Peer 1: 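Mind looking over this structure? Questions follow.
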Amino acid sequence: MQPDLLSPARVAQTATLLASHSPLVHCLTNQVVQSFTANALLAVGASPAMVVDHEEALAFSAIADALLINIGTLTREQALVMRAAIDSANRAGKPWTLDPVAVGPLAFRSRFARDILANGPAAIRGNASEILALAGSGNGGRGVDTTQGAQEAISAARELARQTGAIVAVTGEVDYVTDGERILAIAGGDPLMTRVVGTGCALSAVVAAACALPGSRVENVAAACGIFAVAGKRASERCQGPGSFLAAFLDALHQLHTEAAL
């Protein structure tokens with residue numbers, strides 16, 4: 001099956017929904033990217049919260065509009081908090097998103113990620129090596145770095161979507177998003193997005209926010225990828241390198257939000 005290209009109009013529609021609904025996203029994410037993730041959510045019009053205490057995380061996941069589970073700096077204590085938050089979100093009918101950072105070569109996080117798939121994620125966002133490993137079709141990449149192109153993981157993403165009921169997004173030089181049947185392709189972005197820490201993790205948080213929006217979930221998730229692709233392209237045209245790219249990227253996300261809110 002050939003992917004369909006996501007239209008710019010659909011990206012703009014989801015940007016407008018983010019601006020109008022401002023979903024509250026409970027981020028249980030890795031320690032490296034917390035600040036950038038929060039800023040990216042704010043820039044697109046969503047609202048971030050990082051509530052990490054076991055008791056509070058359980059309560060807050062029922063209050064938030066969506067939950068992000070990012071296992072980048074997973075510990076055994078954090079795994080318990082994440083399981084409790086997922087259970088709470090599921091009981092409250094709130095969608096949760098998995099970012100399976102570095103799944104494959106590392107045993108503890110790989111077991112954890114595969115175990116929680118049974119808890120029904122609304123979306124899964126990863127690079128090609130992570131999606132292949134999570135689907136049982138590969139051994140993972142080099143830490144957080146993929147060793148495969150996104151197109152190589154399309155079949156694994158479709159199968160993973162069918163097995164879990166999740167929308168699966170494989171991000172790379174071109175992003176592919178599938179519900180197990182449809183495949184949407186999102187072109188754009190810039191190679192500088194891979195030269196700074198946190199763009200993928202921040203995207204997973206915006207994917208989580210998109211899962212809380214009305215309308216087609218697969219299109220909303222694909223449009224979240226589209227928002228980042230547009231912002232990455234705009235930022236690359238204004239920056240001098242990785243350092244200034246981060247600021248330009250947040251500015252571009254904010255400008256997209258401002259345009260959507262008009």
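Just so we're clear, the structure is a prediction, and the values are computed from it rather than from any experiment.
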Peer 1: Is a side-chain N or O of T164 found less than 3.5 angstrom from the main chain of L117, in a donor-acceptor match?
Peer 2: no
Peer 1: Show the numbers, then the answer: is there a side-chain contact (heavy atoms from CB on, under 4.5 Å) between S47 and V25?
Peer 2: CA-CA 6 Å; S47 182; V25 183; over 6 Å; no
Peer 1: Would you confirm whether T199, through its side chain, and M193, through its main-chain N or O, come within 3.5 Å as a donor-acceptor pair?
Peer 2: yes
Peer 1: Would you compute the distance between atom CH2 of W96 and atom CD1 of I116 and round it to the nearest 0.5 angstrom?
Peer 2: 4.0 Å
Peer 1: Can you name the closest pair of heavy atoms from A49 and L24 and give their distance?
Peer 2: CB-CD1, 4.2 Å
Peer 1: Just by distance, do the side chain of N220 and the backbone of P214 share a donor-acceptor pair under 3.5 Å?
Peer 2: yes
Peer 1: Starting at CG of L58, measure out to CG of L80 and round the result to the nearest 0.5 Å.
Peer 2: 12.0 Å
Peer 1: Quiz question: by atom type and distance under 3.5 Å, do the side chains of D99 and S204 form a donor-acceptor pair?
Peer 2: yes
Peer 1: Got a donor-acceptor contact below 3.5 angstrom from the K94 side chain to the A64 backbone?
Peer 2: yes
Peer 1: Do we see a donor-acceptor contact under 3.5 Å between the side chains of T171 and R125?
Peer 2: yes
Peer 1: Whether the side chain of S110 engages the backbone of G104 through a donor-acceptor N/O pair (distance < 3.5 Å, no angle test) should be reported.
Peer 2: yes
Peer 1: To the nearest 0.5 Å, what is the distance between CD on Q31 and OG1 on T75?
Peer 2: 8.0 Å
Peer 1: Shortest non-hydrogen contact from A231 to L253?
Peer 2: CB-CD2, 3.6 Å
Peer 1: Using side-chain heavy atoms (C-beta onward) and a distance below 4.5 Å, is L184 in contact with P3?
Peer 2: no
Peer 1: Is there any salt bridge (Lys or Arg N to Asp or Glu O under 4.0 Å) pair reaching into residues 23-34, and which pairs are they, with sequence neighbours excluded?
Peer 2: none
Peer 1: For the residue pair I183 and R158, establish whether any side-chain heavy-atom pair is separated by less than 4.5 Å.
Peer 2: yes
Peer 1: Quick one: OG on S129 to CD on E152, what's the gap to the nearest 0.5 Å?
Peer 2: 8.0 Å
Peer 1: Which distance, rounded to the nearest 0.5 Å, do you find between the OG of S88 and the CZ of F60?
Peer 2: 11.0 Å
Peer 1: Are there more than 12 heavy atoms of other residues, nucleotides or ligands under 6.0 Å from atom CD of Q240?
Peer 2: no
Peer 1: Report yes or no: does D53 contribute a side-chain atom to a donor-acceptor pair with the main-chain N or O of E56 at less than 3.5 Å?
Peer 2: yes
Peer 1: If we count only N and O atoms by modelled type, under 3.5 Å, do the side chains of Q163 and E159 hold a donor and an acceptor together?
Peer 2: yes
Peer 1: Begin from the C-alpha positions of L246 and V197 and carry the test side-chain contact (heavy atoms from CB on, under 4.5 Å) through to its verdict.
Peer 2: CA-CA 9 Å; L246 279 176; V197 173; over 6 Å; no
Peer 1: Hey, is CZ on R238 packed in by over 12 heavy atoms from elsewhere, all under 6.0 Å?
Peer 2: yes
Peer 1: Ignoring hydrogens, what is the shortest heavy-atom contact between C201 and N70? Give both atom names and the distance.
Peer 2: SG-ND2, 3.2 Å
Peer 1: With a 4.5 Å limit on heavy-atom distance, are the side chains of L192 and C239 in contact?
Peer 2: yes
Peer 1: Which atom names give the shortest non-hydrogen contact between A252 and R234, and what distance separates them?
Peer 2: CB-CB, 4.1 Å
Peer 1: With sequence neighbours excluded, what pairs up with D179 under the side-chain contact (heavy atoms from CB on, under 4.5 Å) test?
Peer 2: I167, E181, R182, V218
Peer 1: Working note: C211 + V221, criterion side-chain contact (heavy atoms from CB on, under 4.5 Å); need CA distance, chi angles, decisive distance, verdict.
Peer 2: CA-CA 7 Å; C211 287; V221 169; 3.9 Å; yes
Peer 1: Do L42 and V44 belong to the same hydrophobic cluster, where Ile, Leu, Val, Met, Phe, Trp and Tyr are linked whenever their side-chain heavy atoms lie under 4.5 Å apart, directly or via other members?
Peer 2: no
Peer 1: Indicate yes or no for a side-chain donor-acceptor contact from T194 to the backbone of P191 under 3.5 Å, with no hydrogens or angles considered.
Peer 2: yes
Peer 1: Verify side-chain contact (heavy atoms from CB on, under 4.5 Å) between S61 and I86, making sure each step is shown before the conclusion.
Peer 2: CA-CA 7 Å; S61 287; I86 291 168; over 6 Å; no
Peer 1: I'd like to know if the side chain of T73 and the backbone of N30 have a donor-acceptor N/O pair within less than 3.5 Å.
Peer 2: no
Peer 1: Could you list the residues that satisfy salt bridge (charged side-chain N to carboxylate O under 4.0 Å, His left out) with D87, not counting sequence neighbours?
Peer 2: none
Peer 1: Between D175 and V170, is there a side-chain heavy-atom distance shorter than 4.5 Å?
Peer 2: no
Peer 1: According to a hydrophobic-cluster definition based on side-chain heavy atoms being under 4.5 Å apart (Ile, Leu, Val, Met, Phe, Trp, Tyr only), do L160 and V103 belong together?
Peer 2: yes
Peer 1: Would you kindly say whether R83 and N119 are connected by a side-chain donor-acceptor distance under 3.5 Å?
Peer 2: no
Peer 1: Is there a side-chain contact between I227 and L203 in this structure, where contact means two heavy atoms from C-beta onward sitting under 4.5 Å apart?
Peer 2: no
Peer 1: Answer yes or no: is there a side-chain heavy-atom contact under 4.5 Å between T97 and P121?
Peer 2: no
Peer 1: Measure the spacing between CD of E219 and CG of L213 and express it to the nearest 0.5 Å.
Peer 2: 12.5 Å
Peer 1: Looking at every heavy atom in both A224 and A210, which two are closest together, and how far apart are they?
Peer 2: CB-CB, 4.1 Å
Peer 1: Please find the pair of heavy atoms, one from A122 and one from R217, that lie closest to each other, and give the distance.
Peer 2: CB-NH1, 3.4 Å
Peer 1: F108 ring centre to R76 NZ or CZ under 6.0 Å, with the angle to the axis within 45°?
Peer 2: yes
Peer 1: For the side chain of E130 and the backbone of A102, is there at least one donor-acceptor N/O pair under 3.5 Å apart?
Peer 2: yes
Peer 1: Under 4.5 Å between any side-chain heavy atoms of I124 and L134, yes or no?
Peer 2: yes
Peer 1: Has the side chain of H26 got a donor or acceptor atom that lies under 3.5 Å from a matching backbone atom of V51?
Peer 2: yes
Peer 1: Count the heavy atoms belonging to other residues, nucleotides or ligands that lie under 6.0 Å from NE2 of H254, then report whether that count exceeds 12.
Peer 2: no
Peer 1: Within the 4.5 Å heavy-atom criterion, are R109 and L106 side-chain neighbours or not?
Peer 2: yes
